[in-house]
Amino acid sequence: MSQNVLPGAPGHPGAAFWAANRIALIALAIGLVALYVPTIVDFMRGPWRGDRNSHGPIVLALSAWYFYFQTRRMARQGQSFRPRPAPLAGWTLIVLGLLGYVLGRSQSIALLEMGSLMPVLLGLALLLLGPTIARRYGFAFFLLLFAVPLPASIVDVITQPMKLAASWGAEYLMYALGYPIARAGVILQIGPYQLMVADACAGLNSLFTLEALGLLYMNVVRHESVFRNIALALLIVPISYCSNVIRILILALLTYHLGDDVGQGFMHEFSGMALFLTALMLIVGVDTLLRGLSARWDRLSGREAAR
């Protein structure tokens, strides 16, 4: 019985490729590190540090992990590693990506600077490995799009209705619980305290992160049911909304009972982390429920077919 090994290890079909191109690959790796490590450091200190784009480093880490995971998966499945380069498509994407990087870096355009990483990596994959193998890493490239900071004008347009919806949901729940609350747009008045629902509570950053995590979860688990995959991807949106309504509700209750210092201090940041984990648990719970519904649907379909 043969033993599957990772690409580049002795005995793997791609070992000769890695050995023959080792110097070029090391040079490419050094070049990528020299280009994008300063960018990532700057983003950690800048755009990713704010509430709007705090999901960026999480998504970047998930993409890197999926590259590693997919490589191990192909090795375990014993898939052959026969590079069939596509130089025209590869060089086109690399040149376009590098032009975007130079323009974004020199003019401080975050969308172009970080957004260039995806075409550069995809171009290298096409140039070195070919479309067949690059396609297997497609989801990792897709995840990189979530790490790109959106322009403030676009974020404002998207978050405004989300903030209004989250504010309305929190107001309705607190009124049902008997608390003295009033709302004017995204401003909540509870007792003597006034709270404004900010972009962080609107759900855009958590929506991006949860959608990325949900899609990653589906790619790793690899459900065969199309209904289950589509339903889970769509339900991540209301899960994100509900988690943010609960976050606003908790912060409002903490402020009302313990004062503004507690509601806007450490508990403000902790509530976001705790509810993010809660939302992840909801994704797994919803997936479990969908698995039961999918199994029941398959049984009913089987009985109908038998008739």
Side-chain angles (χ1 to χ4, degrees), residues 51-56 58-63 65-66 69-70 73 118 135-150 154-173 186 197 199-249 271-302 304:
D51 291 331
R52 289 185 173 185
N53 300 296
S54 57
H55 59 280
I58 299 175
V59 174
L60 187 64
L62 291 176
S63 178
W65 179 86
Y66 189 79
F69 171 81
Q70 187 67 354
R73 170 185 280 174
M118 193 273 284
R135 193 178 299 116
R136 297 187 178 276
Y137 296 99
F139 182 70
F141 296 124
F142 174 71
L143 276 181
L144 290 175
L145 297 177
F146 288 88
V148 179
L150 294 175
I154 296 178
V155 174
D156 291 338
V157 171
I158 297 175
T159 56
Q160 187 60 27
M162 297 176 70
K163 287 192 290 186
L164 289 171
S167 303
W168 175 85
E171 178 201 18
Y172 180 84
L173 288 176
V186 296
V197 178
D199 292 340
C201 296
L204 184 62
N205 56 348
S206 60
L207 177 61
F208 280 172
T209 310
L210 287 173
E211 192 69 34
L213 281 173
L215 294 173
L216 177 65
Y217 175 82
M218 288 187 294
N219 273 269
V220 171
V221 176
R222 295 177 70 90
H223 295 317
E224 295 181 358
S225 172
V226 177
F227 162 77
R228 187 174 171 185
N229 289 329
I230 295 176
L232 184 60
L234 294 177
L235 287 173
I236 291 173
V237 177
I239 286 175
S240 176
Y241 169 75
C242 292
S243 65
N244 280 280
V245 169
I246 295 173
R247 180 186 184 186
I248 297 172
L249 177 65
S271 65
M273 180 174 57
L275 287 173
F276 179 73
L277 294 176
T278 301
L280 291 180
M281 294 173 61
L282 285 174
I283 291 176
V284 177
V286 168
D287 182 50
T288 303
L289 178 62
L290 289 174
R291 179 175 58 189
L293 293 175
S294 179
R296 184 175 181 182
W297 174 263
D298 291 340
R299 288 196 299 269
L300 290 175
S301 299
E304 291 295 332

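Here the structure is a predicted model, which is why all the values come from computation and not from measurement. Atoms considered below: every heavy atom in the structure, side chains included; atoms not considered: hydrogens, waters and symmetry mates.
- Looking at every heavy atom in both residues, A170 comes nearest to I248 through CB-CG2, 3.6 Å.
- Residues M118 and F141 approach most closely at CG-O, 3.3 Å, considering heavy atoms.
- Taking all atoms of both residues into account, the shortest heavy-atom contact from V286 to I239 is CG2-CD1, 3.8 Å.
- The minimum heavy-atom distance linking S63 with A140 is given by the pair OG-O, 2.8 Å.
- By the 30° and 60° cut-offs, the orientation of the rings of F69 relative to W65 is parallel.
- For L173, the side-chain contact (heavy atoms from CB on, under 4.5 Å) criterion is met by V245, L249, not counting sequence neighbours.
- Within the model, atoms CZ of F142 and CG of L144 stand 10.5 Å from one another, a figure rounded to the nearest 0.5 Å.
- The minimum heavy-atom distance linking G56 with A147 is given by the pair O-CB, 3.8 Å.
- The aromatic rings of Y172 and W168 sit parallel to each other, their planes meeting at less than 30°, with 60° as the upper class boundary.
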